[in-house]
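Here's the structure we're looking at; comments come further down.
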Amino acid sequence: MSSNTQSWGSRVGLVLAMAGNAVGLGNFLRFPVQAVQNGGGAFMIPYLVSFLVLGIPLLWIEWASGRFGGTKGDHSAPFIMNSMGKRSYWKYLGVFGIFTNIAVAAYYTYIESWTFSYVFHSVAQTFTGMSQTEVAQFFTSYVDIGQPTTGLPYEAIWFYILVLGLNTWILSKGLEGGIEKVAKIGMPLLIVFGAFLAVRAFLLGDSGAPAGCAECDAMLGFNFLWNPQFDSLSNPNVWLAAAGQIFFTLSVGMGTIHCYAAYVKPKDDIALNSMAAGWMNGFVEIVLGGSIVIPIAVGYLGLDWVKENAGFAMAFQTMPYLFTKWGAVIGSVAGVMWFGLLFFAGITSSLAMGSPWVAFMQDEFKFSLKTSAWTFGLVTLLAGLPTVFFYQQGVFDQYDYWAGTVGLVFFALVEAILFAWIWGIDKGWDEINRGSDIVLPKFYKPILKYVTPSILLVIFTMSLVTPKGNDWKSALNDGWKFDSSSIIGQIQNVDITYNREALADVFVAEVDGIADVQSAEGQTVVRLVQPTGEATTYQWDAADAQPVVVTGQVVRAGDQIAAGSFVNPIFYKHLARGILVALFAFIAGMVYVAYRRRMNSLN
């Protein structure tokens with residue numbers, strides 16, 4: 001008999017936990033940038049269309065699949081999909097519903113630990129008196145784990161372990177006693193903190209404008225973000241970006257919703273509950289996410305600066321500096337609210353990521369709740385430490401691409417096909433409507449069967465073969481070259497032209513330039529000054545590398561500039577991919593063992 005006897009304590013707790021799963025760091029860091037880059041206010045048109053034909057249907061698919069699996073005693077994607085499909089391979093495709101969660105949690109909790117650390121630094125007023133450059137450098141030093149920012153050696157590692165441990169401890173308390181309690185506290189605080197910062201941004205106006213900056217006005221930030229540029233609607237890339245944002249913001253394609261919904265009672269509503277969670281996520285993203293970072297940054301730094309620098313790094317490298325302009329007390333409060341908001345957004349999502357593994361271990365191996373939770377913490381720690389140690393070498397980015405992007409799209413496509421075409425749209429439609437508190441429009445039935453899977457297939461196919469520069473017209477006319485963001489381009493490492501060996505005894509220049517060779521403090525430094533005046537710098541330990549060029553020498557890309565022992569960036573790509581493949585194989589092996597145990601129990 002399974003040791004899994006968990007359940008939700010209340011409907012409010014369920015909806016808040018589901019909304020917390022969806023509301024994450026991307027609501028505040030990714031959405032505003034996507035809107036800025038894709039037509040401002042006009043972006044909301046494809047955004048809302050995508051929500052209606054992609055987001056809502058996927059929410060229904062995952063809620064219905066999960067609740068159906070729960071009636072069979074299954075609470076994780078492999079065996080939920082196994083009970084819906086007629087072939088044995090469905091359970092192995094369902095491995096993505098556990099794998100993506102652990103792989104994403106491995107690096108996501110690292111970001112979460114940044115927010116937790118920055119709450120501490122905001123209280124300690126660490127950023128007071130720092131210049132904008134110094135605040136940005138603080139983050140760089142923080143993720144370079146060898147440079148302590150507080151005097152605590154390896155600070156980033158300790159905060160990471162602390163936050164992952166906190167996640168594990170909460171998971172060990174179960175749905176009602178852990179996840180639901182955090183959601184009931186975290187989600188209201190997130191909204192309160194966000195509302196305070198949004199109002200502060202709205203009232204900022206041009207009061208923070210430095211002398212001579214006519215475009216330093218927060219209202220210009222609001223206008224820029226929401227003023228529709230309707231010509232962008234004819235650009236297919238804008239529609240693709242909107243579909244992608246909806247896809248990622250709702251946390252579909254991960255298996256977390258399957259797990260949460262598996263604990264819903266057979267006749268409890270899922271149609272309205274799923275929409276409530278989705279609309280709450282939309283409110284947080286549109287109203288709060290769009291009203292903090294961009295307007296405040298424009299109010300102090302100007303619109304042109306934001307256009308050039310808008311991105312993920314602003315949260316940690318720019319916002320702490322801007323908060324110091326509000327005075328010591330209010331600035332510290334704002335910092336606590338901003339990073340506290342991000343922390344609650346992060347932890348409500350990462351707790352959801354831990355649930356499928358915990359449920360799997362309880363269902364299949366009869367582990368206790370506490371033991372299941374701590375095994376999640378251990379596996380995630382082992383998978384996540386490389387993202388901490390080798391963050392600047394790109395391991396983090398590889399995890400995010402393969403697990404947090406490709407894995408999600410692929411799994412969503414698979415589950416949509418299974419739900420509508422293998423299990424059957426009639427069964428699926430009945431499952432969605434069972435116990436529903438609302439009458440669903442019948443036109444959603446063909447959307448679920450045809451439109452949603454087709455959109456996912458288009459997204460996956462375009463991601464697979466994206467042409468260089470995302471220029472589809474040139475690719476069709478002048479020959480196809482894969483972009484480094486495409487799946488095939490990533491596999492082929494098209495972004496790396498030189499130094500393609502993981503381990504090498506020579507190093508070649510990657511750009512043209514005039515050499516400037518220096519040696520100091522046990523380091524060998526070769527700078528290549530390009531005709532534009534920009535310089536590319538290579539630095540190694542003197543014991544590992546010796547320059548073979550001299551100062552003033554003209555160097556062409558591909559020319560050897562050093563000899564010795566080199567670990568090239570491509571090594572870390574291979575390392576990250578190897579870890580992810582090993583993790584997937586490990587989980588698939590666990591699923592196989594669980595399946596054999598089930599078969600043996602029937603004999």
Side-chain angles (χ1 to χ4, degrees), residues 1-22 56-86 90-91 94 97-98 174-180 183 251-252 254-278 352 355-356 358-364 366 369 372 415-416 418-420 422-442 444-445 448-449 594 598 601-602:
M1 181 177 180
S2 172
S3 62
N4 196 344
T5 58
Q6 297 192 74
S7 63
W8 294 103
S10 66
R11 181 171 183 172
V12 171
L14 168 64
V15 172
L16 286 176
M18 283 288 196
N21 169 45
I56 290 295
L58 277 173
L59 287 173
W60 284 339
I61 287 172
E62 296 197 354
W63 277 71
S65 300
R67 187 178 66 176
F68 172 78
T71 63
K72 307 295 183 181
D74 299 320
H75 301 87
S76 60
F79 288 100
I80 290 175
M81 296 178 71
N82 187 65
S83 66
M84 296 172 67
K86 300 177 182 179
W90 285 109
K91 61 179 171 289
I98 298 178
L175 292 178
E176 184 177 359
I179 294 172
E180 192 171 332
S251 295
V252 289
M254 292 189 71
T256 53
I257 295 176
H258 294 77
C259 180
Y260 275 6
Y263 295 100
V264 173
K265 295 177 182 178
K267 293 187 179 181
D268 281 356
D269 167 84
I270 60 173
L272 182 58
N273 282 343
S274 60
M275 291 185 68
S355 298
V358 172
F360 174 70
M361 298 305 290
Q362 284 189 279
D363 286 348
E364 307 306 327
K366 319 309 177 195
L369 173 60
S372 299
E415 69 179 358
L418 171 63
F419 184 87
I422 306 301
W423 194 43
I425 190 62
D426 292 332
K427 289 181 182 178
W429 186 252
D430 290 342
E431 185 65 36
I432 294 170
N433 283 279
R434 184 174 294 112
S436 175
D437 291 339
I438 58 174
V439 178
L440 299 184
K442 292 184 178 180
Y444 259 111
K445 191 173 181 180
L448 282 162
K449 184 171 184 178
R598 286 192 174 203
S601 68
L602 297 177

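Please read these numbers as outputs of a predicted model, since none were measured by experiment. The analysis underlying the following values was restricted to heavy atoms, covering all of them including side chains, and did not include hydrogens, waters or symmetry mates.
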[X] and [Y] ion-paired at < 4.0 Å:
X      : Y      : answer
Arg598 : Asp74  : yes
Arg434 : Asp269 : no
Asp437 : Arg11  : yes

Heavy-atom side-chain proximity of [X] to [Y] below 4.5 angstrom:
X      : Y      : answer
Trp90  : Leu418 : yes
Asp426 : Lys445 : yes
Met275 : Ile56  : yes

Quiz item: Looking at residues at least two apart in the chain, or sitting in another chain, which of them share a ring-ring contact (aromatic ring centres under 6.0 Å, His included) with Trp63?
Solution: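 Checked Trp63 against ring-ring contact (aromatic ring centres under 6.0 Å, His included); zero matches.
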
### Sequence-distant partners of Tyr260, ring-ring contact (aromatic ring centres under 6.0 Å, His included), two or more places apart
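Listed in chain order: Trp8.
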
- request: Look at the aromatic rings of Tyr444 and Trp60 and report parallel, tilted or perpendicular, splitting at 30° and 60°.
  value: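 Rings of Tyr444 and Trp60: perpendicular, as their planes differ by over 60°.
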
Closest heavy-atom pair and its distance - [X], [Y]:
X      : Y      : answer
Ile80  : Ser65  : CG2-O, 3.3 Å
Glu431 : Ile270 : O-CD1, 3.8 Å
Trp429 : Lys442 : CZ2-CA, 4.1 Å
Leu59  : Ser274 : CD1-O, 3.6 Å
Ser7   : Leu175 : O-CB, 3.8 Å
Met81  : Gly94  : SD-CA, 3.4 Å

Could you tell me the separation between the [atom1] atom of [X] and the [atom2] atom of [Y], rounded to the nearest 0.5 Å?
X      : Y      : atom1 : atom2 : result
Phe68  : Phe419 : CZ    : CZ    : 10.5 Å
Met254 : Cys259 : CE    : SG    : 12.0 Å
Lys91  : Ser83  : NZ    : OG    : 11.5 Å
Ile257 : Ser251 : CD1   : OG    : 7.0 Å
Leu440 : Asn433 : CG    : CG    : 4.5 Å
Ser355 : Phe360 : OG    : CZ    : 15.0 Å

Quiz item: Has the side chain of Arg67 got a donor or acceptor atom that lies under 3.5 Å from a matching backbone atom of His258?
Solution: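 Such a contact is absent between Arg67 side chain and His258 backbone.
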
message = I'd like to know if the side chain of Ser436 reaches the main chain of Ile438, judged simply by a donor and an acceptor atom lying under 3.5 Å from each other, with no hydrogens or angles considered.
response =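 Checking the backbone N and O of Ile438 against the side chain of Ser436, a donor-acceptor pair under 3.5 Å is found.
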
According to side chain to side chain contact (heavy atoms under 4.5 Å, CB included), who are the partners of Glu176, at least two apart in sequence or on a separate chain?
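Applying side chain to side chain contact (heavy atoms under 4.5 Å, CB included) to Glu176 gives Glu180.
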
| side-chain contact (heavy atoms from CB on, under 4.5 Å) partner of Met18, the single match among Val15, Leu14, Leu16 |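 Considering Val15, Leu14, Leu16, a side-chain contact (heavy atoms from CB on, under 4.5 Å) with Met18 is found only for Leu14.
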
- Item | side-chain contact (heavy atoms from CB on, under 4.5 Å) between Ile432 and Ile61, intermediate numbers included | CA-CA 8 Å; Ile432 294 170; Ile61 287 172; 5.7 Å; no

